[in-house]
Amino acid sequence: MILAIPRGRVASYGEIAARADLPRRARLVGRVLREAGEDMTLPWHRVVRADGCLAFAPDSAEFIEQRLRLSRENVEVRGRRVDMDRFGWQRDLDAELWAPDA
DNA sequence: AGTATGACATATA
DNA sequence: ATATATGCCATAC
């Protein structure tokens with residue numbers, strides 16, 4: 001599913017789990033990503049926590065990596081979190097907030 | 001089997 | 001905003 005996350009957006013573990021027919025399996029997603037970290041080809045950097053915070057400590061190399069990748073994907077990382085209201089994948093209000101049909 | 005921990009989420013104070 | 005508590009599923013000891 002992570003493969004389905006559009007470029008320039010981020011999805012929370014819970015959202016991904018839900019889309020994968022796995023409600024309450026957010027941690028499973030995290031676990032899978034951790035396992036995949038060994039040989040990953042997935043856009044893991046587009047996966048953040050429900051509140052937009054990156055899953056790593058702000059001083060962690062992974063945090064920096066993810067933040068860098070996200071910024072490269074046009075996603076602004078404010079301090080230690082991303083604006084889910086703007087870059088959130090499931091968010092559809094974006095269309096009205098940032099892409100008004102008018 | 002029971003306890004502890006984890007790239008998590010939600011509720012409450 | 002942070003701290004706690006509970007739920008959740010899978011692993012590790």
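Bear in mind that the values here come from a model prediction, so they are computed numbers and not experimental data. Every chain is numbered from 1 and lettered A, B, ... according to where its sequence line falls, protein lines coming before strand lines.
- Per the geometry, CZ belonging to A:R80 stands 18 Å off P belonging to B:dA7, to the nearest Å.
- Taking atom P in both C:dC13 and B:dA7, one finds a spacing of 15 Å when rounded to whole Å.
- No donor-acceptor pair under 3.5 Å is formed between the side chain of A:E73 and the backbone N or O of A:R7.
- Across all strands shown, A:R27 has heavy atoms under 4.0 Å from base atoms, whether or not it also approaches the sugar-phosphate.
- Listed for the A:R80 side chain is no donor-acceptor partner under 3.5 Å among the backbone atoms of A:P58.
- With respect to A:D83 and A:R78, a salt bridge is recorded, a charged nitrogen being found less than 4.0 Å from a carboxylate O.
- In this structure, the CD atom of A:E35 is 8 Å from the P atom of C:dT11, given to the nearest Å.
- Atom-to-atom, CE of A:M84 to C1' of B:dA9 comes out at 12 Å; the value is rounded to the nearest Å.
- When atom types are taken as modelled, the side chain of A:S71 and the backbone of A:R67 share a donor-acceptor pair closer than 3.5 angstrom.
- In this entry the distance linking CG of A:L22 with P of B:dA7 reads 19 Å, nearest Å.
- In terms of heavy atoms, A:A26 sits closest to A:A17 at N-CB, 3.8 Å.
- Between A:R81 and A:P23, it is A:R81 whose nearest contact on DNA chain C lies nearer the 5' terminus.
- Summarising the geometry, the separation between OH on A:Y13 and C1' on B:dT10 is reported as 17 Å, rounded to the nearest angstrom.
- Remark: C1' of B:dA11 and CG of A:D51 are 14 Å apart, rounded to the nearest angstrom.
- A:R19 and A:E15 are not joined by a salt bridge, as no carboxylate oxygen comes within less than 4.0 angstrom of a charged side-chain nitrogen.
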So what's the dot-bracket for DNA chain C: Watson-Crick or G-U pairs under 3.5 Å, [ ] if a pair crosses, | if it pairs off-strand?
.||||||.|||||
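- Side-chain atoms of A:Q66 come within 3.5 Å of backbone N or O of A:V47 as a donor-acceptor pair.
- Taking atom CG of A:L33 as the reference point, atom C1' of B:dC8 lies 12 Å away to the nearest angstrom.
- Contacts of A:R31 with the nucleic acid, taken as non-hydrogen atoms under 4.0 Å apart, involve only primed sugar atoms and P, OP1 or OP2.
- Nucleotides B:dG6 and C:dG7, compared at atom C1', are 14 Å apart to the nearest Å.
- Taking atom CZ on A:R34 and atom C1' on C:dA10, their separation rounds to 10 Å, with Å as the unit.
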